[in-house]
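Some notes on the structure that comes next.
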Amino acid sequence: MRLYIFSLFALISLCAKAQADSTETATLADSLLYLDTTPAEGTVVDCGSLSGYDRRVHYRRQYWGELIPTQLIVQNAGNMGVVSIGIGWDYGKHKQWETNLLFGYLPRYNSRRAKMTMTIKENFIPWSIYKRHGWLIEPLSCGIYFNTVFGSEFWDREPDRYPDKYYPLLKTKIRTNVFIGQRLTKIVPTNRRKFLKSITLFYEISSCDLYIRSAIMERDVSMWDILGLSLGLKFQLL
């Protein structure tokens, strides 16, 4: 059931991205990219003269294009595993919203086997500060993410071996996390770009619902016990 919630969350985020980007008016040049033939130079083309087929092809490619990832992310820790790798989409008027889908690796340690994790993450960057020589500082990033660990050891519903509501609100299958952090970005000059538009180094301080609950209910838990530090790199694609 929770995996369906994950999928729904991702779908809602992508729909929001498509809606935000679709508000931008398509130019005539954009429309002509999808025509089978290119008008001769100097020819005046009336958009209203495009056939129904050409319009359908244009809009289909336009909306499918919104699903193409614009970011690659590598992140360490953050309750996602030792290392997580994934893709992301940025959207909004100033690209201040991001949705990430990451898959992580959790070593075996004292358990029977290593495990894989999956994380859906929503980021918000309120503002950016541009500096000289292509440097960009984002003094605040914040957001929420949902993480799951693949394995039968983790449960979505309380097992029968526990009395009813013995562990209320403590499902081990899904963890809800919140975070704040900062970013430093180096913008690649236009004449040197091959595959990347920019590279971003970031850190995040996060906590999950389980830790926050422990801090509230148990007096001997300090703030440092419930906070975690993660580091990451974001590669912005062209």
Side-chain angles (χ1 to χ4, degrees), residues 9-25 27 30 62-105 117-147 175-208 227-238:
F9 181 81
L11 180 60
I12 292 173
S13 300
L14 293 179
C15 289
K17 176 182 185 295
Q19 179 65 27
D21 291 343
S22 64
T23 57
E24 299 179 1
T25 303
T27 63
D30 292 333
Q62 177 184 355
Y63 289 117
W64 275 109
E66 305 296 344
L67 301 179
I68 299 175
T70 58
Q71 302 171 343
L72 293 177
I73 303 101
V74 180
Q75 187 164 348
N76 164 255
N79 203 32
M80 306 177 190
V82 171
V83 63
S84 297
I85 300 175
I87 56 178
W89 299 262
D90 58 343
Y91 47 95
K93 184 176 181 181
H94 301 290
K95 303 298 182 182
Q96 73 273 31
W97 292 98
E98 297 177 348
T99 298
N100 301 151
L101 174 62
L102 303 116
F103 292 90
Y105 172 74
T117 70
M118 183 176 73
T119 303
I120 294 180
K121 184 179 179 189
E122 187 69 17
N123 308 323
F124 177 61
I125 305 95
W127 68 88
S128 304
I129 302 174
Y130 290 90
K131 296 294 184 179
R132 295 181 178 179
H133 309 298
W135 289 98
L136 174 67
I137 297 175
E138 293 165 333
L140 175 64
S141 63
C142 56
I144 184 172
Y145 56 94
F146 302 93
N147 172 266
R175 291 270 67 86
T176 302
N177 302 260
V178 292
F179 74 90
I180 61 172
Q182 293 180 317
R183 302 180 176 192
L184 177 65
T185 298
K186 174 60 178 178
I187 301 173
V188 179
T190 305
N191 59 349
R192 295 185 179 181
R193 292 178 185 174
K194 297 296 183 181
F195 304 102
L196 300 178
K197 184 177 181 180
S198 64
I199 302 175
T200 299
L201 173 66
F202 65 88
Y203 78 87
E204 296 173 354
I205 298 174
S206 62
S207 187
C208 72
L227 297 179
L229 174 67
S230 63
L231 303 174
L233 284 172
K234 182 190 75 173
F235 302 93
Q236 186 72 31
L237 307 177
L238 295 178

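Looking at Tyr203 and Ile205, their side chains come closer than 4.5 Å, going by heavy atoms from C-beta outward. When side chains are defined from C-beta on, Tyr91 counts as touching Thr99, because their heavy atoms get closer than 4.5 Å. Looking at heavy atoms from C-beta onward, Ile87 lies out of side-chain contact with Ile73 at the 4.5 angstrom threshold.
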Show me, pair by pair, the donor-acceptor contacts under 3.5 angstrom made by side chains of residues 123-134, not counting sequence neighbours?
unit_1	atom_1	unit_2	atom_2	d
Asn123	ND2	Glu98	OE1	3.1
Asn123	ND2	Asn100	OD1	2.9

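Atom CZ of residue Phe235 and atom OG1 of residue Thr70 lie 14.0 Å apart, to the nearest 0.5 angstrom. Once rounded to the nearest 0.5 Å, the distance linking CD1 of Ile85 with CG of Leu102 reads 9.5 Å. Annotation: the span from Leu140 atom CG to Arg183 atom CZ amounts to 10.0 Å, rounded to 0.5 Å. Distance check: Arg175 CZ to Ser206 OG gives 13.0 Å after rounding to the nearest 0.5 Å. Atom OG1 of Thr119 is separated from atom CG of Asn147 by 3.5 Å, given to the nearest 0.5 angstrom. Atom CG of Leu233 and atom CD of Gln71 lie 12.5 Å apart (nearest 0.5 Å).
Nearest heavy atoms, Lys93 versus Gln96: N-OE1, 3.6 Å. Nearest approach of Ser198 to Ile187, heavy atoms of both residues: CB-CA, 4.0 Å. Nearest heavy atom pair, residue Ser230 against residue Ala77, reads CB-C, 3.8 Å. Closest heavy-atom contact between Gln182 and Ser141: N-OG, 3.8 Å. For Thr117 against Tyr105, the heavy-atom pair with the smallest separation is OG1-N, 4.5 Å. When all heavy atoms are compared, the tightest approach of Phe179 to Ile144 is CE2-N, 3.8 Å.
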**Item:** Residue pair Asp90, Gln236: steps toward the side-chain contact (heavy atoms from CB on, under 4.5 Å) verdict
**Value:** CA-CA 9 Å; Asp90 58 343; Gln236 186 72 31; 3.1 Å; yes
**Message:** Show, in sequence, the C-alpha distance, side-chain angles and deciding distance for Asn79 and Asn177, and conclude whether the side chain to side chain donor-acceptor pair (under 3.5 Å) test is met.
**Reply:** CA-CA 8 Å; Asn79 203 32; Asn177 302 260; 3.1 Å; yes
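Distance alone, capped at 3.5 Å, is enough to place a donor-acceptor pair between the Trp89 side chain and the Leu67 backbone. Without hydrogens or angle criteria, Tyr145 side chain to Gly78 main chain gives a donor-acceptor distance under 3.5 Å. Put simply, the side chain of Asn76 gets close to the backbone of Val82: a donor and an acceptor are under 3.5 Å apart.
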